[in-house]
J.: 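Quick one: structure below, then a few questions.
These values consider heavy atoms only, across backbone and side chains, with no hydrogens, waters or symmetry-generated copies. Lettering follows sequence order; numbering is per chain, from 1.
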Protein chains: 2
Amino acid sequence: MTQINHQRYFDCEDCLFKTISCQYIQKEEFEKLRAKSVQLRYKKGEVILKQGAKSTHFLFLRKGIIKFNYEDENGKNLILSINKAPALIGGANLVNAEFNLFSVCAIEDCEGCTIDVGILTRIALGNTLYLFKMLQFITDVFRSSIFNFISLAHKQVNGRIADILLFLSQNIYMSNEFVLSLSRQEFAEFAGCSKENVIHTLRKFHNEGLIKVEGKKILLNDPERLQKISKHG
Amino acid sequence: MTQINHQRYFDCEDCLFKTISCQYIQKEEFEKLRAKSVQLRYKKGEVILKQGAKSTHFLFLRKGIIKFNYEDENGKNLILSINKAPALIGGANLVNAEFNLFSVCAIEDCEGCTIDVGILTRIALGNTLYLFKMLQFITDVFRSSIFNFISLAHKQVNGRIADILLFLSQNIYMSNEFVLSLSRQEFAEFAGCSKENVIHTLRKFHNEGLIKVEGKKILLNDPERLQKISKHG
DNA sequence: ATCAAAAGGTGAAATAATACATCTTTTTAA
DNA sequence: TTAAAAAGATGTATTATTTCACCTTTTGAT
């Protein structure tokens, strides 16, 4: 973690997590959460939650982009999902295990604050509508990853890369033009193929006029045709 | 569904769902669930929940083996997960959507009973420990599928097929010797490869003495070596 | 019992993907 | 500022995978 002092970087007043929470719980209840929460900043590349570590808190991500990373027994990485703020992370473990199944890493500079699992659980147990809202928040993070997996599982690399480009454009950067937060290696870990295959395929799409690649800058020239490649597999 | 009459095939007294439920809720509460529940039998191959259909109830599966199936825009099938009783299914939608994201099909004869979502939700909202237990039940069904996906996403076909054989042996049939409930085509839909590739690979494993294949009968001769193939990718 | 359809199986050709060697460009740290 | 390291890029050889044509066996309906 970047910061060990309990420094305040941003104001809690305009926090989305506070706004949502206070629709369900009393201000005094929320104050109990806030009192124990710590504001944190992460630089691009930093690990926010470490696979295998004990999960001691949630993190409400108020700014930034993250990846969920799974490291296998051979040290090979796989990116399960990419998400942007706002998101409540660490929730893989709410109903589950006490250790993180995956790592969460910043792929752009991030800001957020820790939320004590014990206190949140206690409050949520006394307020089921709030509990449902929190569960929804947590599962949001996984919803998108299911369809990434489906793409991975039965499409070839062309289709998978088209899917990822469309996903990033529509769900993360909200634009046809964006500066990729991932290295080619990470892109490959998301697409489930080799780094070279990613480079070759992006080049091919570029040469065919589907996209324009200039280092990390990517422009989707023809999203409809990408959609067709995605559909065709 | 096989049966439209409210026929009773089995006794509710020894039902695991009842036993678990009654650890958390009153008998009278459970009786409300039971009164609305219908016992059902499904033959191998029958659809239990249909992708895209409105999800009107949960099913407590007390006997049998099922697959979660996703059919894509081109009509291609993908098996996301295979599970055996006891399981609470239909829960994909508890926090989510009102339509089934996947189909659930019997791959062995099944027995179970419907559980009204409305009543269960109402009871669970009044009893958070019970709610947590039900959520745990529901997420159980998905836990295993995550690791199947990880296998799919970054292993080659040898490793994926080794993984599936080990998974079936350890999680479904609980034995090194079993009669496969899947056709070769379905196996391929689970492994994310072609039917021929499944056949070739099983034959290769057979010839190398790793397994013994005789039609649907499979014996894992050397699970340790399969594990190595799984690990190597 | 018979026929048709579905599932299982095989080998070879075509295609896709990876691994490798090598080079260039960009980043990072001293 | 510079050197080292990391990331990006490319073409080719090797390996993996799919597709296809074809055949056999099993299953299910009449």
Side-chain angles (χ1 to χ4, degrees), chain A residues 43-46 67 74 76-79 105 107-109 151-164 179-208 211-218 229-230 232-233, chain B residues 43-46 67 74 76-79 105 107-109 151-164 179-208 211-218 229-230 232-233:
Chain A
K43 284 244 160 287
K44 178 170 179 157
E46 274 190 283
K67 65 173 178 180
N74 305 311
K76 218 172 138 184
N77 290 301
L78 175 73
I79 296 179
C105 310
I107 59 172
E108 290 295 341
D109 293 355
S151 166
L152 273 175
H154 71 161
K155 290 184 186 176
Q156 304 200 161
V157 171
N158 281 345
R160 305 211 292 259
I161 288 184
D163 273 345
I164 289 176
V179 177
L180 198 59
S181 314
L182 301 167
S183 71
R184 299 295 196 262
Q185 178 59 44
E186 285 176 311
F187 200 121
E189 287 163 3
F190 197 25
C193 67
S194 68
K195 178 191 70 170
E196 291 91 337
N197 206 341
V198 169
I199 295 170
H200 288 315
T201 306
L202 289 178
R203 173 70 37 218
K204 191 175 64 184
F205 286 177
H206 176 99
N207 292 340
E208 288 168 356
I211 62 177
K212 200 176 145 198
V213 183
E214 213 182 305
K216 301 250 184 204
K217 246 176 65 193
I218 295 186
I229 291 177
S230 154
H232 174 265
Chain B
K43 285 243 161 284
K44 178 171 178 157
E46 275 191 281
K67 65 173 178 180
N74 305 311
K76 216 171 139 185
N77 289 301
L78 175 73
I79 296 180
C105 310
I107 58 171
E108 291 295 342
D109 293 356
S151 166
L152 273 175
H154 70 161
K155 291 183 186 177
Q156 306 201 159
V157 170
N158 282 345
R160 305 211 292 259
I161 288 184
D163 273 346
I164 288 175
V179 176
L180 198 60
S181 313
L182 301 167
S183 71
R184 298 297 195 262
Q185 179 58 46
E186 285 176 311
F187 200 121
E189 286 163 3
F190 197 24
C193 67
S194 69
K195 178 192 70 168
E196 291 90 338
N197 207 340
V198 169
I199 295 170
H200 289 157
T201 306
L202 288 178
R203 173 71 38 217
K204 192 175 63 184
F205 285 178
H206 176 98
N207 292 339
E208 289 167 353
I211 61 177
K212 200 176 142 198
V213 183
E214 213 183 304
K216 301 251 184 202
K217 247 176 65 192
I218 295 186
I229 291 176
S230 153
H232 173 265

J.: Whole angstrom is fine here: how far is it from NZ in B/K44 over to P in C/dA7?
T.: 11 Å

J.: Looking only at side-chain atoms of A/V157, point me to the closest of D/dG8, C/dT10, C/dA17.
T.: C/dA17

J.: Check the phosphate of C/dT26 against A/K216, side-chain N and O only, distance under 4.0 Å to OP1 or OP2. Yes or no?
T.: no

J.: Expressed as a whole number of angstroms, how long is the span from B/L180:CG to C/dG8:C1'?
T.: 12 Å

J.: Using a cut-off of 6.0 Å, state whether more than 12 heavy atoms not belonging to B/K212 lie near its atom NZ.
T.: no

J.: For the CZ atom of B/F187 and the CG atom of B/L202, what is their distance to the nearest 0.5 Å?
T.: 5.5 Å

J.: To the nearest 0.5 Å, what is the distance between CG on A/N197 and NZ on A/K195?
T.: 12.5 Å

J.: Can you figure out which of D/dG11, C/dG8, D/dT17 approaches the side chain of A/E196 most closely?
T.: D/dG11

J.: Would you say the side chain of B/H200 lies within less than 4.5 Å of the side chain of B/R203, judging by non-hydrogen atoms?
T.: no

J.: Can you identify which nucleotide, out of D/dT12, C/dG9, D/dG8, has its nearest atom closest to the A/H200 side chain?
T.: D/dT12

J.: Select one nucleotide: of D/dT10, C/dG11, C/dA17, the one nearest the side-chain heavy atoms of A/R203.
T.: D/dT10

J.: Quickly work out the A/N197 CG to D/dA16 C1' distance and round it to whole Å.
T.: 12 Å

J.: C/dA19 P sits how many Å from A/Q185 CD, rounded?
T.: 11 Å

J.: Applying side-chain contact (heavy atoms from CB on, under 4.5 Å) between A/L182 and each of A/Q185, A/R184, A/E186, report the one that passes.
T.: A/E186

J.: Separation of B/K195 atom NZ from C/dA7 atom C1', in whole Å?
T.: 7 Å

J.: Could you tell me whether B/S194 contacts a base, only the sugar-phosphate backbone, or nothing, with contacts defined as non-hydrogen atoms closer than 4.0 Å?
T.: base

J.: Go through C/dT18, C/dG8, D/dA9 for me and flag the one nearest to the B/Q156 side chain.
T.: C/dT18

J.: Roughly, in whole Å, what's the span from CD1 in B/I229 to P in D/dA16?
T.: 12 Å

J.: Starting from P on D/dC22, measure out to CD1 on B/I199 and report it in whole angstrom.
T.: 18 Å

J.: Figure out the CD1/P separation between A/I161 and C/dA16, and round it to whole Å.
T.: 14 Å

